[in-house]
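In what follows, a structure is listed as structure tokens, so that the remarks can point back to it.
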Amino acid sequence: MPELPEVETVRLQLLRKVVGKTIAAVNVHHEKTINHDSSFVERLTGTTIDHIDRVGKLMIFSFRDISDFSMLAHLKMTGQFFFVDESDSVSGGGHSLTPALSRILPSKHTRVTFTFTDGTTLYFNDMRLFGYTKLASSAEVEKAKASYGQEPIASDFDLSTFTAGLKRRKRAIKAVLLDQTFIAGLGNIYVDEALWHAGVRPTRLANRVTKAEAERIAHFAGEVMRHSIKVGGTTFQHFADTGGDAGNYTDYLKVFGKQGTPCPRCSTPIIKIRCAGRGTHYCPTCQK
DNA sequence: ACTCTTGTTAAAAC
DNA sequence: GGTTTTAACAAGAG
């Protein structure tokens with residue numbers, strides 16, 4: 001489940017690996033992934049990746065000397081970017097315990113392959129086909145950006161906007177934190193984690209959350225996501241970085257997937273319920 | 001064979 | 001218009 005930290009992990013790696021590279025060929029293995037766009041291959045071939053931006057969980061690729069379109073990439077639930085440089089394995093850098101990506105790619109789940117002029121390759125894999133890499137006009141990009149709320153990791157995060165937003169919402173705090181138009185980047189894992197750190201029960205109605213609690217939620221949402229970015233994100237089921245490696249925030253999870261194990265703060269067994277239509281983990285004692 | 005998994009959107013209800 | 005709920009999407013694990 002890629003959330004902001006996982007997407008940022010991928011973006012930071014791609015910045016180092018593919019920015020400045022020119023696309024020599026594009027192979028589309030599944031049309032849905034590119035939004036059935038018949039101009040996709042033609043428009044991307046020959047372009048040079050200029051920058052990769054991110055808003056919430058959405059990546060935005062821009063291209064040198066091209067202002068009329070960008071490529072939006074969303075991993076949704078099982079999307080993965082893999083970068084392969086054949087010359088790496090030839091020179092014997094084999095430090096990874098996982099089988100060389102170059103030997104298993106493209107795979108059954110490869111949906112788009114980008115080959116660069118230097119011989120390196122970027123694969124977009126997506127088992128469940130919810131993710132996409134699609135071209136969008138600058139107007140569409142602006143519209144997409146505008147649809148996102150502020151990010152908890154933003155240096156200019158505005159607490160009063162956040163607390164005011166909670167006040168007028170009458171749903172479970174968890175549902176509100178999952179709403180990307182209100183606050184961007186959190187998903188099922190980091191919502192549960194942030195609420196545990198803040199000591200707030202996921203089922204509490206947003207408009208009944210106190211100002212002090214709201215401040216803690218915002219603070220810890222930012223903290224867990226910043227921490228996770230530093231350690232390469234969380235791998236719970238499918239997430240892998242561009243080298244096929246797992247994220248390490250899994251080692252720091254307090255409640256997600258921890259049902260039945262003692263709460264790290266008060267030793268009460270963590271329980272799992274359904275909230276906001278999602279599997280939800282919390283401590284029934286120290287989350288009020 | 002059946003249930004469970006989740007990010008986002010469209011649509012309908014309020 | 002803003003908010004809320006639900007279904008739909010899709011494919012695999014167990």
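Labels below follow one simple rule: chain letters A, B, ... track the order of the sequence lines, proteins then strands, and each chain is numbered from 1.
- Atom CD1 in A/Ile189 sits roughly 12 Å away from atom C1' in B/dT5 (whole-Å rounding).
- A close approach under 4.0 Å does not occur between any side-chain nitrogen or oxygen of A/Lys76 and OP1 or OP2 of B/dT6.
- With salt bridges taken as basic N to acidic carboxylate O contacts below 4.0 Å, one links A/Arg169 and A/Asp179.
- What separates OH of A/Tyr190 from C1' of B/dG7 is a distance of 15 Å, to the nearest Å.
- Where A/Gly165 and A/Arg278 each meet DNA chain C at their nearest nucleotide, the meeting point lying more 5' is that of A/Gly165.
- Note: CG (A/Leu75) to P (B/dG7) measures 12 Å, nearest angstrom.
- A/Gly279 comes within 4.0 angstrom of the backbone, heavy atoms only, and of no base.
- With rounding to whole Å, A/Lys167 atom NZ is found 18 Å from C/dT3 atom C1'.
- Residue A/Asp126 contributes atom CG, which lies 16 Å from atom P of B/dT6 at whole-angstrom precision.
- A/His109 comes within 4.0 angstrom of the backbone, heavy atoms only, and of no base.
- Taking the charged nitrogens against the carboxylate oxygens, A/Lys57 and A/Glu3 have no contact shorter than 4.0 Å, which rules out a salt bridge.
- Pairing each heavy atom of A/Met59 with each of A/Val7, the nearest pair is CG-CG1, 3.7 Å.
- Nearest-nucleotide assignment on DNA chain C puts the 5′-proximal partner with A/Lys170, out of A/Lys108 and A/Lys170.
- Here the nucleotide nearest the side chain of A/Lys57, chosen from B/dT5, B/dT8, C/dT3, is B/dT8.
- What separates CG of A/Asn35 from P of C/dC9 is a distance of 17 Å, to the nearest Å.
- Look at CG on A/Leu177: it is 17 Å from C1' on B/dT8, rounded to the nearest Å.
- Here the P atom of nucleotide C/dT3 and the CG atom of A/Leu205 are 15 Å apart, to the nearest Å.
- The side chain of A/Phe130 has B/dT6 as its nearest neighbour among C/dG12, B/dT6, B/dT8.
- Checking C/dA11, C/dT5, C/dT3 against the side-chain heavy atoms of A/Leu129 singles out C/dA11 as nearest.
- Of the residues listed (A/Leu186, A/Thr203, A/Asp192), the one engaging A/Lys174 in a side chain to side chain contact (heavy atoms under 4.5 Å, CB included) is A/Asp192, and it is the only one.
- Contact annotation: A/Gln180 side-chain N/O to B/dT8 OP1/OP2 distance is under 4.0 Å.
- Of the listed nucleotides (C/dT3, B/dT6, C/dC9), B/dT6 has the atom at the smallest distance from the side chain of A/Arg274.
- The phosphate of B/dT8 has OP1 or OP2 within less than 4.0 Å of a side-chain N or O from A/His74.
- The aromatic ring centres of A/Phe81 and A/Phe61 sit less than 6.0 Å apart.
- Comparing B/dT5, C/dT4, B/dG7 against the side chain of A/Glu3 picks out B/dG7 as the nearest.
- Within the structure, every side-chain polar atom (N or O) of A/Arg168 is placed at least 4.0 Å from both OP1 and OP2 of C/dG2.
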